[in-house]
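Some notes on the structure that comes next.
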Amino acid sequence: MKNYEKKVAIVGGGWYGCHLASYMVHLGMDVTLFERDDDIFTGASGLNQNRLHLGFHYARDYETRLQSRDGFSRFLERYGQFIEDVPNNYYAIPIGDSLLDFKTYKAIMASSGIEFEEISLETLGFELRNVAGVVKTNEKVIKVSEAREFFRKDLEDIIVFNEKISKNDITEKNDSVTVKNARFDFLIDATWSKLFSYDDNIFYEPTILFYYQSVYESFALTLVDGPLASVYPTEDPSICTLSSVPLTPLGKFDNLHDAEKRLSNFSKEEEEKIRLDMENQISKYLPNFKEKFKYLSPQLSMKTKPIGIEENRACYVKGDGRVIKVMSGKIDTIFVAAERVLNIISRNG
Ligand SMILES: Cc1cc2nc3c(=O)[nH]c(=O)nc-3n(C[C@H](O)[C@H](O)[C@H](O)COP(=O)(O)OP(=O)(O)OC[C@H]3O[C@@H](n4cnc5c(N)ncnc54)[C@H](O)[C@@H]3O)c2cc1C
C-alpha cells in the first residue's frame, strides 16, 4: 500500500499532533485526530514560553542545539506567518553563577553556526549587573493564538473533540490497529506521553511561570548557563513571561497521576513564594525588574522529559508495530517528528 493510501489515527491536538495531521493530510493520507478537550492547544502547546529557539539555551546539549538551529529555519519556512521578531533579545552570562564562562559560551555558539552579536554593557540601554558579557540574538516568538486559529480551520474536517483515548480503546494487530472499534493502519501517540509512556526513561515535570506587563517592548533577557532565570515576550510585545530553571519545575514524577495531583493541589501561598523568589533571582542581574515589570498572573503547565541529560530537549520517535510514539522536544522539533513518523510508516508498509 502506498503511503498516501494509509489511514492514520493521531491522538493529541498540540503542536505535534496538529503539525503531523496537517502534514499527512497534505500528503493525501486519511487522518483522524482525537483530542480529549473541546479545543486544540489546551496542553503545553498553549501554555509555554513560545520561544522559537535557535539553540542559545542549550550550550550543554549538542543534539538539542542542532535540532533547534535546523528547526528554526524550517519553522520560518512552514509557519513563518506565526512568528514575530524580538528585536531586543539578549543572552547574558553571569559572573560566578554560570556553569560556563563567557568565552566558552561564545565558542560553543559560534561552532554551532548560529549568529550573534556581542554587545557592550555600556550600550545596552538598560542596567545589567553581575554579568561577564552579553550577546544579542535573532530568536523569535511564536504567535500561538494565530497558530491555533490556523489549525482549527485547517483540520476542522478531521478533528474529533472531547474524545479521550485510553489504552483499553486500542487493539494492535499485525497489519492494523483499532481505536474505538474503527480500523486504522497506524496510530500516532502525540500526547507527550499522556496516553502511552514513551519508555521507562521519562518523567513528568509540572511547571509554573508568571506573566508580567513590561515597560520594555519586545524585550527578552536570558541568563545562561545553568540554574538561572529569563524573561521573554509573548505574542503581545508588552507582556512577557518570567521563568527560572530551578524555580519553574514543581517536582519530578515518574507517573502522570501524581504530577497532575501536584498541579491541582498547588496553593496560593506557594505560588506567591515562588514568584517572589523568582523576582529576587532575576533582580540580581536586572536590578530594576520590580519597577519595570508589573505582575499579572501565573501559568501552570506540564513538561515530559527524558531522564538523564538535564539539558536534552531533542525529539524522539519510535514504533516497531502499528503504534508510533512521539517524545516531543521543543516546538521547533515538530519537523524531526514528522520525518521520523513517515520513515516508520514507509518501513512498516
Ligand atoms: C513551561 C514551559 C515552557 C516551554 N517553553 C517552550 C519554548 O519557549 N519554546 C519551545 O519550543 N518549547 C517550549 N516548551 C515545550 C513545548 O511546550 C512542547 O514542545 C510542545 O508544546 C509539546 O507539544 P505536544 O503536542 O507534544 O504536547 P501538548 O501540547 O501537551 O499536546 C498534547 C495534547 O494531547 C491531548 N491529550 C492528552 N491525553 C489524551 C488522550 N488520552 N486522548 C486524547 N487527547 C489527549 C491534550 O489535551 C493535548 O491537547 C515549553 C513547555 C513548558 C511546559
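Numbering of ligands and ligand atoms starts at 1, following listing order.
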Is any N or O atom of Trp15, backbone or side chain, closer than 3.5 Å to an N or O atom of ligand 1?
yes
Applying a 4.0 Å heavy-atom criterion (strictly less than), which segment of Lys194 is in contact with ligand 1: side chain, backbone, both, or neither?
side chain
May I ask you to list the atoms of ligand 1 that are less than 4.0 angstrom from any heavy atom of Gly13?
33 (C), 34 (O), 49 (O)
Do you see a donor-acceptor pair shorter than 3.5 Å between the side chains of Lys330 and Ser68?
yes
Lys305 to Phe203 six-membered ring, cation-pi geometry met (6.0 Å, 45°)
no
Could you tell me, atom by atom, which parts of ligand 1 come under 4.0 Å of a heavy atom of Ala44?
17 (O), 21 (O), 28 (P), 29 (O), 30 (O)
Given Lys106, Arg60, Arg65, the one that forms salt bridge (charged side-chain N to carboxylate O under 4.0 Å, His left out) with Asp225:
Arg60
What part of Ile331, side chain from CB on, backbone N/CA/C/O, both or neither, has a heavy atom under 4.0 Å from ligand 1?
both
Ser328, portion touching ligand 1 at heavy-atom distance under 4.0 Å
side chain
Determine, using heavy atoms of Glu205 and all atoms of ligand 1, whether some pair is separated by less than 4.0 Å.
no
Would you indicate whether the side-chain heavy atoms of Phe210 and Glu279 approach each other to under 4.5 Å?
no
At under 4.0 Å between heavy atoms, which part of Val11 makes contact with ligand 1: side chain, backbone, both or neither?
side chain
I want to check a possible cation-pi pair here: Arg129 against Tyr285, using under 6.0 Å from ring centre and within 45° of the ring axis as the test.
no
Going by heavy atoms, is Gly329 under 4.0 Å from ligand 1?
yes
